[in-house]
Structure formats: structure tokens, C-alpha cells
Amino acid sequence: MMGMRLPIIFLMGIYLFSLTQGSGYKRVCYYTNWSQYRTDDSIKYFPANINASLCTHIIYAFANISDGGLKPYEWNDVLTKPNVGMYAKVNNLKANNPDLKVLLAVGGWKMGTAPFIAVSSTREKREKFITRTAQFLRQHDFDGLDYDWEFPDADSKSKFTDLLKETNENFESEAAAAGKKKLILSAAVATGKWAVEQGYQVEEVSRNVDFINLMAYDFHELGPAQGKRLMQNAALFSGEEDNDVMATHNVDYAIKMWIKKGAQREKLVLGLGAYGRNFKTLNGNTTPGAQALDYGPAGRYTGEPRMYPYYEICENLKDPAWEEQWDDERKVPYAFNTQENLWVGYDNPRSIREKVYLLKTNTTALIHQ
Ligand SMILES: *[C@@H]1O[C@H](CO)[C@@H](O)[C@H](O)[C@H]1NC(C)=O
Ligand SMILES: *[C@@H]1O[C@H](CO)[C@@H](O)[C@H](O)[C@H]1NC(C)=O
Ligand SMILES: *[C@@H]1O[C@H](CO)[C@@H](O)[C@H](O)[C@H]1NC(C)=O
Ligand SMILES: *[C@@H]1O[C@H](CO)[C@@H](O)[C@H](O)[C@H]1NC(C)=O
């Protein structure tokens, strides 16, 4: 399987915009527990650095699953008073934006699927897990939960549906019994064709959550048949010459696929990544879609292989060895360094505007469906 394998774990911060019109769009921001560990003090990122007025929702990523319930991952997620842990720091941003909702995400790429499979295999296990989860969320003042199961497969597909359905029901009865607002339920889901077909009962997933976070990035990886190509991380459209699998590796295709398979349009929230996927070029060819020599090196601040965060790309572009180009077919930029044979595909303000414009006018999601 290709694509879609390294989602939120590597993101610097994602902003998601829902297709909902009318009362305003959702602007969902992920805060990651590892951005506090970036190597340079000037770019370490803490809850205090979040401008809470830019987000309608903040999702804290991630919590672990242990002993049939949620557990903090980091030593400083939860601290004993008078110290203030990270969960509390993010929740305290509501002081700057009283309408802000803060959700806790559970899962992620590093946690993997085994803990989810363990707590969802039987009705009893799900019931125990969900009850504990609701208690944990209330105890730490969260407004809801984001399931980041990466990814359900053919065997766990129906368990994922059961987990969502029963969580939703539990959240309803819990709220009624406690006389509180219902906890919000969202799910972050794959956008690769293969992963979606194999892992989701799309209609049921949609019906049982408040919103769906489409992880519409990491389209850079192809299967063995196509080899490594200079693929954009999150192309809006496919290129003229993209065929087969390559033509499915874009945001437009992913949105249409989710809608066609039965997702409620107003629940879809489009993921936007503030990072790029890099490659080593072959014979100096920098054309998007061209054969690549290999994936690229790790970024200098994150140490994560094959990717550069957006702030590092901006820094690189100040160096005359780097040149930026606009990919007009795919509506995203790319940049290359011909001295070092490096190439990176990413998003910048222009491509983000293109994507948000598409959501606002429904161009693809509606008309070309
Ligand atoms: C943050 O959460 C992830 C789970 O996704 C965990 O593996 C990791 O150890 C945590 N901390 C850091 C510094 O990555
Ligand atoms: C937060 O964002 C708003 C909206 O863009 C802006 O007006 C405000 O100045 C920002 N606040 C800070 C502290 O940067
Ligand atoms: C996460 O939970 C698993 C058990 O499911 C445990 O083995 C692991 O140590 C936990 N990770 C952290 C960082 O607490
Ligand atoms: C966008 O889609 C919604 C839901 O189908 C529809 O009500 C609305 O009219 C569309 N907007 C535009 C500009 O096409």
C-alpha cells in the first residue's frame, strides 16, 4: 500500500476548514505533543504560542491507550498542582477565545493499530474503554475526542464503525446524565483510495461523528510499480500526465471519493499540512511527476526523514541555491536546489488560498462530482 502512511505525526500544525457554510467554517488546529522538543529554541512551539482566535477547535495530539483506557503520553501532559500541564495549558486558551473547543486525539501513526484493535474487539471491551474515555475527558476539561486510528483495515473496518457508534451513543447518554454539553466526536481518516476502500464504512462513519478530518496529504508515496516520483505532498488536482494511481493522489480526488461513498458533505473538514515532502532528483530533472532518485533527507529542526517543515522551506528559499516554482496543473508550489539535487513539494499561502477557495465555492466537491 502506498501513500497516506505518515500523517499527523509529522505535521507542524494543521489547519482544517470544513465545507459547512452559513454559520461560519470550522477551523480545526492540531497541537502536537512533540513540537515542544524541536531542536532550536526559536521554533519550539508551546500552547502559549497558539493564537486561539484563529481556531474554532484545537485538537491535542496524542493520547495513548493503555490498560483499556486513555493515558497521557508525555511527562508534562498532566502535572500535579501548582504546576500546569500541557492539557491544562491548551484548555486555558479558552480565556482568549470563549467559543474555543478543545479535543483530545487518541492514536496517531506511532501508536499504531494494535491498541485500538484491543479495545474494540468485543462489545464489553468497547463499553469499558468508552466509559473510561468519557471520564478521562471530563476529568481534564476536554470538550471532545478525535479518533486517530491509523488505519482500520478489512478486518477492523466494522469494529471502527462499532467504536464510533457506541462512543457517540455513550457521549449522548453521559451528557444527559451529567447535565452537561455532549462531548464532541471526530475522526481523522485516510484519503488514499486503497485505504478508504479497505478501511471504512463511509456512510456509517459519517453518521456517527460530528465531523471528519480528512488527512489530505502524504500523497508523495507511490507503489512499487510506479517507483519513486517527484510527487507533491498535497496536490489539489492531478497533473495532465498523471495516470492510474498517480491521478488519485490529490485533494480533489479525495474529497469527491469521500462524498461519493456517502460522507455527509457538511461534516468534511479538509486537512492542510504546513510541511513538504522531499526527494533527491534524478539526472537533474525537477519536473513534478518525473522519476526521482530517492526520497530526501531529514529536516534540520525536526530530524524527521523525507520531510521539511514549512518554516525550514522558507529559510531554504532565502538561499539562492533554492528556486521556487508554481505547479499550475496541481495548484501547489515546489522548490529545488540543483547543486544538491534536492526537490520538495509543499503548500504555501497561495496553494492554501486555492484550497480554501475551492471549499467556499464548492468547485470540485460539488460541480465536477
Ligand atoms: C507524543 O505522542 C506520541 C504518540 O503519537 C508518542 O509516541 C511520543 O512519544 C510523544 N512525544 C514525543 C516527544 O514524540
Ligand atoms: C491573533 O490573530 C488575530 C486574527 O488574525 C489577529 O488580529 C491578532 O493580532 C493575533 N494575535 C496575536 C497575539 O498575534
Ligand atoms: C502507551 O501504552 C502502551 C500500552 O498500550 C505502553 O506499552 C507504552 O509504554 C505507552 N507509552 C507511553 C509513552 O506511555
Ligand atoms: C455548496 O454546497 C452546498 C451543499 O450541497 C450547497 O447548499 C451550496 O449551495 C453550494 N454552494 C455553492 C456556491 O455552490
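Quantities reported herein were computed from a predicted structural model and do not represent experimental measurements. Atoms within each ligand, like the ligands themselves, are counted from 1 in listed order.
- Within the structure, every pair that satisfies the salt bridge (Lys or Arg N to Asp or Glu O under 4.0 Å) test and touches residues 75-102, not counting sequence neighbours, is listed here: Lys94-Asp143.
- No hydrogens or angles considered: nothing links the side chains of Ser53 and Asn97 as a donor-acceptor pair under 3.5 Å.
- Looking at Tyr334, Trp322, Tyr295 one by one, the single match for ring-ring contact (aromatic ring centres under 6.0 Å, His included) with Trp343 turns out to be Tyr334.
- Environment of CD in Glu241: sparse, with no more than 12 heavy atoms of neighbouring residues, nucleotides or ligands closer than 6.0 Å.
- Residue contacts with ligand 3, taken as heavy atom pairs separated by less than 4.0 Å, do not involve Asp67 at all.
- Polar contact check, Asn64 against ligand 3: a nitrogen or oxygen pair lies under 3.5 Å apart.
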What are the polar N/O contacts of ligand 2 with the protein below 3.5 Å, with distances?
{"unit_1": "ligand 2", "atom_1": "2 (O)", "unit_2": "Asn51", "atom_2": "ND2", "d": "2.3"}
{"unit_1": "ligand 2", "atom_1": "2 (O)", "unit_2": "Ser53", "atom_2": "OG", "d": "3.4"}
{"unit_1": "ligand 2", "atom_1": "11 (N)", "unit_2": "Asn51", "atom_2": "ND2", "d": "2.9"}

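- When only interatomic distances are considered, the shortest N/O to N/O separation between Pro72 and ligand 3 does not fall below 3.5 Å.
- Considering Lys182, Lys181, Arg132, Arg138 as possible partners of Glu174, the one that fulfils the salt bridge (Lys or Arg N to Asp or Glu O under 4.0 Å) test is Arg138.
- Put simply, the side chain of Tyr346 reaches to within 4.5 Å of the side chain of Tyr310, judged on heavy atoms.
- Counting only heavy atoms from C-beta outward, the side chains of Val344 and Ile313 approach each other to under 4.5 Å.
- Which parts of ligand 3 touch Ser66 is read off a 4.0 Å heavy-atom cut-off, strictly below it: atoms 2 (O), 4 (C), 5 (O).
- A 6.0 Å sphere centred on CD of Glu323 holds more than 12 heavy atoms belonging to other residues, nucleotides or ligands.
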